[in-house]
Amino acid sequence: MKSVIERIRGMADVWPAERTFREGLITQLQRGFAAHGYRPIDTPVVESTELFLRKSGEERAAQMYAFDYRNRQIALRPEFTASVVRAFVAEGQGRPLPQRYAYCGPVFRYEKPQSGRSRQFTEAGVELLGARGPAADAEVIHLALASLEGLGLTDCTLRLGHLGVVGALLASLSLDDRVRDWFLWSMEQLRARGDDGLHRNLRDLLSAQQGFGANGAAATAEAGVAAADFPDLDGLSLDGLTEGQARSTVLSLLRGAGVELGGSNRSPEEIVERLLVKLRRPRVDFDIAHALAFLRRLIGLHGEPTTVLADTRALLADYGLDDGPVRELEEVLTLLQAYGHHQRIILDLGLGRGLHYYTGVLFEVHTGEVGGREAVIQLCGGGRYDDLAQILGARAPIPACGFACGVERIAAALVARGALVAEPAADLFVCGAGQVGMADLIAVAERLRRAGWRAELDLRGRRLAANLSYAERAGIPVVVIFGETELAAGEIVWRDLATRVERRYPLDDLPQPNSSDTSAER
RNA sequence: GUGCCCAUAGCUCAAUUGGUUAGAGCGCCGGUCUGUGGAACCGGAGGUUACGGGUUCAAUUCCCGUUGGGCACCCCA
């Protein structure tokens, strides 16, 4: 035997039992989507790499299956949202709003495989284009929760956040729109690693940039900019940097934040120029310190909704900011109650979700208790992305939100809760006995199939005993025997393997699926 | 991207601490049994010991690399 060709790392073969189980699961999800007016859409598995770079986080960009093919930059889709919005921009802009789309299919992310994570997995989800406000957000969140509930996953936890809080602050600081992304990213860093993590990250950036410029005349000057000279982020300043250093510092920060500089109609040089002008204004140091202090408080706001809402309102009041996001969250919570949801809900204003296209309400759904001992798996994620359509070329702003869930993870959660994954088997096994030709057997099998049965035909010409044994082991409940006697009489023998009862039926009057005189009903 | 564990027949595991031709159970296929299945008995197929190097008279066994699998971190569905 030749050496075996191995499966590509992170990819999975899905065997019939699992495959059938998933199919049922997906059908049920799609039925729920359809019940709310979401119609199925398919988009290509491959897209222009740029589609996913325009507004994705650094993390996402790094884990993309992207390659050059005949001078084109191609990527396997890492998600559906950008593709659906691209399709909408291309052909859907004339249609009545809102547009509701549902999708399901494989996506690809180059991550390290482990339990609940492979490099190809199946996302099912919806996008709601052209509707803003809590009612739209609540509909999408409801769909996520109801989908899981309908499948029997009732012990989920909803984690709900809102990027508008940090957005309100940033707007008040009159910083460039593009700096916003860097702060959102900082929020994630702060939340994940605390101040230390953020400082370390900044030092990494600065020292990496030192190595970068080490070949020019500026290298000696840069040697003075040791990482240790930036002990505190609040002291971030461009003072004492040469023009070139300042320029590359800003570039590094932006790139670190995953900001795509090529996606605008301004050149990277122009963008950096504008940023430098703003950063050099005397207020800027103060603004950044201000913003980071705000962020530190913000990421502390997570937990039980009523408490967190009050605390958030207080924070906004302290900074003289509008409490619009809090009112939205309140309304969303009210509407979720109207939908009849009673899942555990945690508000988390520090939620950032890596993807940089979110703009408002955003959420995740996890199994089990968050913070409890049980391993918590994220099943769904989504939120509001009001800017994406225009970033992808829509001629008007299109408010939008959506969510996606991981089919494999849901299946695993169901199995962990005792769901049965049954081996799919045919209803009938058709075999001969004695001297009966294959043509006659085929005729019988085809008659049974036309009657609605899933019938498997004996192709090995085995002994009857061997065939009975095979059907038994394959999980086929009934064996139809067509031998010389039956050929002469124009009937079949219908043998129920479980009860060992045999009945005879004329070929002209075969049993129907779901009729009460057979024991092999579906 | 970082760290840890693992790899012998389809499956579960052996192989006397480096020593003949790598074995067993289960499973699969066939026969005993040319029209009746969960049994028994008999036989058969199936391995470049994941792959590639190295050490050695000799490697499944020791070392390195690669690939694949598992787990945690990071991040996410």
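Note that this is a predicted model, so its numbers are computed, not measured.
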**Asked** Can we call the ring centroids of Tyr38(A) and Tyr101(A) under 6.0 Å apart?
**Response** no

**Asked** With rounding to whole Å, what would you report as the distance between C63(B) and G19(B) at their P atoms?
**Response** 15 Å

**Prompt:** With sugar-phosphate meaning primed atoms plus P, OP1 and OP2, does Gln378(A) contact a base, only sugar-phosphate, or nothing at under 4.0 Å between heavy atoms?
**Reply:** base

**Prompt:** Between Gln99(A) and Glu127(A), does a side-chain hydrogen bond (donor to acceptor under 3.5 Å, both in side chains) hold up when you go through it step by step?
**Reply:** CA-CA 8 Å; Gln99(A) 289 282 302; Glu127(A) 307 297 343; over 6 Å; no

**Request:** Would you mind classifying the nucleic acid contact of Leu497(A) as base, sugar-phosphate or nothing, using non-hydrogen atoms under 4.0 angstrom?
**Result:** base

**Asked** Taking for each residue the nucleotide of RNA chain B with the nearest heavy atom, is it Arg500(A) or Phe121(A) whose nucleotide lies nearer the 5' end?
**Response** Arg500(A)

**Message:** Using a 6.0 Å distance limit plus a 45 degree cone around the ring axis, check whether Arg462(A) lies over the aromatic ring of Tyr470(A).
**Reply:** yes

**Message:** Taking the P atom in each of C29(B) and A22(B), what is the distance between them to the nearest angstrom?
**Reply:** 27 Å

**Message:** Can you tell me which residue among Arg77(A), Arg109(A), Arg409(A) is in a salt bridge (Lys or Arg N to Asp or Glu O under 4.0 Å) with Glu123(A)?
**Reply:** Arg109(A)

**Asked** Which value, in whole Å, describes the distance between the C1' atoms of nucleotides U17(B) and C73(B)?
**Response** 37 Å

**Asked** Charged N to carboxylate O below 4.0 Å: is that the case for Arg460(A) and Asp458(A)?
**Response** no

**Candidate pair Thr154(A) and Glu149(A), rule side-chain hydrogen bond (donor to acceptor under 3.5 Å, both in side chains), full reasoning** = CA-CA 5 Å; Thr154(A) 50; Glu149(A) 216 169 58; over 6 Å; no

**Prompt:** At under 4.0 Å between heavy atoms, what does Glu79(A) touch on the DNA or RNA strands: base, sugar-phosphate, or nothing?
**Reply:** nothing

**Request:** Could you let me know what G3(B) is paired to, Watson-Crick or G-U wobble, both distances under 3.5 Å, or none if it's on its own?
**Result:** C71(B)

**Any Tyr357(A) side-chain heavy atom under 4.5 Å of Thr81(A) side chain** = yes

**Item:** Opposite nucleotide pairing with U16(B), Watson-Crick or G-U, both atom distances under 3.5 Å
**Value:** none

**Request:** Provide the distance between the two P atoms, one in G23(B) and one in G44(B), to the nearest whole Å.
**Result:** 14 Å

**Prompt:** How far, in whole Å, is G27(B) from C42(B) if one measures between their P atoms?
**Reply:** 15 Å

**Message:** Between G35(B) and Thr485(A), counting only base atoms on the nucleotide and side-chain atoms on the residue, is there a donor-acceptor pair under 3.5 Å?
**Reply:** yes

**Request:** Give Gly381(A) one of three labels, base, sugar-phosphate or nothing, depending on what nucleic acid heavy atoms sit under 4.0 Å from its own.
**Result:** sugar-phosphate

**Message:** Taking any heavy-atom pair under 4.0 Å as a contact, classify Glu408(A): base, sugar-phosphate, or nothing.
**Reply:** nothing

**Item:** Sugar-phosphate, base or nothing in reach of Gly382(A), heavy atoms under 4.0 Å
**Value:** nothing

**Message:** Using a 4.0 Å heavy-atom cut-off, does Arg109(A) contact any base of the nucleic acid, only the sugar-phosphate backbone, or nothing at all?
**Reply:** base

**Asked** Should Arg117(A) and Glu408(A) be marked as a salt bridge (Lys or Arg N to Asp or Glu O under 4.0 Å) after you check the CA-CA gap, both sets of side-chain angles, and the distance that decides it?
**Response** CA-CA 9 Å; Arg117(A) 167 181 309 179; Glu408(A) 290 82 356; over 6 Å; no

**Request:** Scan every strand shown for a Watson-Crick or G-U wobble partner of U21(B), both distances under 3.5 Å, and answer none if you come up empty.
**Result:** none

**Prompt:** Side chain of Arg449(A), backbone of Ala455(A): donor and acceptor closer than 3.5 Å?
**Reply:** yes

**Message:** Would you measure the distance from the C1' atom in G68(B) across to the matching atom in U16(B) and give it in whole Å?
**Reply:** 31 Å

Atom pairs under 3.5 Å: protein N/O with N/O of nucleotides 30-34 of chain B:
from: G31(B); atom 1: OP2; to: Arg463(A); atom 2: NH1; distance (Å): 3.1

**Prompt:** Mind checking the P distance from C4(B) to U60(B)? Whole angstroms is fine.
**Reply:** 27 Å

**Asked** Do the non-hydrogen side-chain atoms of Ile141(A) and Val332(A) ever get within less than 4.5 Å of each other?
**Response** yes

**Request:** Mind checking ring pair (Phe, Tyr, Trp, His ring centres under 6.0 Å) for Phe88(A) and listing every partner two or more places apart, or none if nothing turns up?
**Result:** none

**Message:** Both distances below 3.5 Å, Watson-Crick or wobble geometry, any strand: find the nucleotide opposite C62(B).
**Reply:** G54(B)

**Complete:** When rounded to whole Å, the CG to P distance for the pair Leu148(A) and A77(B) reads 14 Å

**Prompt:** Which ones in residues 111-120 of chain A lie close to RNA chain B, meaning a heavy atom under 4.0 Å from one of its atoms?
**Reply:** Glu111(A), Lys112(A), Gln114(A), Ser115(A), Gly116(A), Arg117(A), Ser118(A)

**Base-pairing assignment for G43(B) (Watson-Crick or G-U wobble, both under 3.5 Å)** = C29(B)

**Complete:** Note: for Cys405(A) and Tyr110(A) on RNA chain B, the residue whose nearest nucleotide lies more 5' is Tyr110(A)

**Prompt:** Taking atom C1' in both A15(B) and U49(B), what distance in whole Å separates the two?
**Reply:** 11 Å

**Request:** Test for a donor-acceptor pair under 3.5 Å between the base of U36(B) and the side chain of Arg495(A), counting only N and O atoms.
**Result:** yes

